[in-house]
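Everything on this sheet refers to the single structure shown next.
All values reported here derive from a predicted model rather than from experimental measurement. In each ligand, atom 1 is the first atom listed, and ligand 1 is the first ligand listed. Index from 1, following the sequence.
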Amino acid sequence: MTALVLGGTAEARDLATLLDRAGVDFVSSLAGRVARPRLPVGPVRIGGFGGVAGLVTYLAEHAVTAVVDATHPFAEGMTANAIAACAASGVPLLRLERPGWADAPGADAWHWVGDHAAAAVLVAGLGKRPFLTVGRQELGAFIGPLSGHAVLVRVVDVPDLAVPASWTLVTSRGPYHAAGERSLMTDHGADALVTKDSGGTYTWPKLEVAGELGLPVVVVRRRETPGGAVTVSGPADAAAWVRARGGPAYSQAGGEVPALGRPRLALVEPADERGQQYSDDGPHRGQRDQ
Ligand code: NAP
């Protein structure tokens with residue numbers, strides 16, 4: 001068997017570690033969006049497949065017998081393509097998705113919105129110095145509504161688009177810790193926080209600190225997961241699913257899937273392809289295209 005792991009997340013890397021230890025034949029796939037991706041163990045391919053048709057071709061050419069879609073909860077295009085391509089190819093598909101923050105402490109008081117455009121309009125009225133942590137691909141929606149605000153925006157790679165001169169851009173990679181988040185937010189005088197419902201623990205501290213500081217929080221809701229794939233929330237469950245599709249040699253090899261030393265359902269860092277140590281590169285005020 002050959003399993004394909006659609007990755008770009010910490011839990012995809014953890015799954016790769018588990019499959020590698022179990023001797024499963026697999027390849028991880030990354031979109032190739034970021035300059036310095038964190039690579040999983042084992043074989044890796046990088047770059048898009050070319051839509052549903054390209055993925056169908058890839059599955060056939062590489063004799064893929066199982067696919068795990070472990071992409072980020074907001075990587076909706078890849079998830080939809082995986083569902084369509086696996087259905088067309090008759091290849092079993094599993095979705096590995098970390099739980100969101102809807103049940104987290106304080107979540108009832110947050111402003112939940114359906115998309116980034118709605119978040120931008122809402123936060124424009126909630127604060128003058130908002131802290132945006134939505135990722136560089138989503139910044140375009142905020143530029144109009146927040147062009148006159150003193151925005152602190154945190155991204156991994158400098159965005160392609162020009163941001164207003166009143167914005168301060170910080171490039172960094174998670175995971176983050178409360179002390180650093182407190183300094184960043186208080187130094188800026190942040191008066192609101194915007195995030196998407198990435199879930200997990202690695203970027204949770206900003207929400208903890210926002211709660212302490214009494215800041216309004218705007219959270220972009222996840223879209224409904226499309227039907228077509230069984231979903232699990234932890235890498236160990238995904239590894240067991242893959243091994244169960246590999247026949248007796250895989251399901252018996254190595255006995256139990258080894259634990260990685262963290263709680264299974266909390267093993268969900270949104271630190272993505274970009275996730276690394278806390279390493280702010282410093283602020284870039286009003287940074288333009290680079
Ligand atoms: P997306 O909108 O769902 O996907 C756009 C296109 O990128 C896909 O149609 C596919 O191109 C390619 N692609 C995405 N993930 C891929 C993968 N793992 N392997 C090969 N091709 C992939 O994805 P996105 O939101 O741009 O995210 C890109 C990657 O970054 C994902 O792998 C995701 O896990 C990670 N990520 C995303 C976010 C986020 O907030 N969206 C956050 C952190 C990490 P083709 O159609 O050509 O196959």
Side-chain donor/acceptor of [X] to backbone N/O of [Y], under 3.5 Å:
X    : Y    : answer
R98  : H72  : no
W112 : A107 : yes
W167 : L146 : yes

Measure the shortest side-chain to side-chain distance between D157 and R136 over non-hydrogen atoms and say whether it is less than 4.5 angstrom.
yes
Show the atoms of ligand 1 that are less than 4.0 angstrom away from any heavy atom in [X].
X    : value
K196 : 39 (C), 40 (O)
R33  : 4 (O), 5 (C), 6 (C), 7 (O), 26 (O), 28 (C)
S29  : 17 (C), 18 (N), 19 (N), 20 (C)
G48  : 11 (O), 21 (N), 45 (P), 47 (O), 48 (O)
G51  : 45 (P), 46 (O), 47 (O), 48 (O)
G8   : 34 (O), 35 (C), 44 (C)

Considering only heavy atoms, which of H72, M78, E76 lies nearest to atom 33 (C) of ligand 1?
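Checking each option, the heavy atom nearest atom 33 (C) of ligand 1 is found in H72.
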Polar atom proximity, [X] to ligand 1 (N or O, under 3.5 Å):
X   : result
T9  : no
G7  : yes
T79 : no
T71 : no

Where V5 and A12 come nearest, the two heavy atoms and their spacing:
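Heavy atoms only, the tightest pair is CG1-CB, 4.2 Å.
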If every non-hydrogen atom of V217 is compared with every non-hydrogen atom of A210, which pair is closest and at what distance?
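Between these two residues, the closest heavy atoms are CG2-CB, 3.8 Å.
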Any heavy atom of [X] closer to ligand 1 than 4.0 angstrom?
X    : value
N81  : yes
S198 : no
G50  : yes

With R13, which of P40, P235, S28 fulfils side chain to side chain contact (heavy atoms under 4.5 Å, CB included)?
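Of P40, P235, S28, side chain to side chain contact (heavy atoms under 4.5 Å, CB included) with R13 is met by P40 alone.
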Summary of ring-ring contact (aromatic ring centres under 6.0 Å, His included) pairs that have at least one residue in residues 28-65, sequence neighbours excluded
F49-Y58, Y58-H62
Please go through V56's hydrophobic cluster and name the other residues, only I, L, V, M, F, W, Y counting, with side-chain heavy atoms under 4.5 Å joining them.
V52
Output yes when D197 and R221 qualify as a salt bridge under the 4.0 Å nitrogen-oxygen rule, no when they do not.
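No salt bridge links D197 with R221.
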Give the contacting part of R45 toward ligand 1: side chain, backbone, both or neither, where contact means a heavy-atom distance below 4.0 Å.
side chain
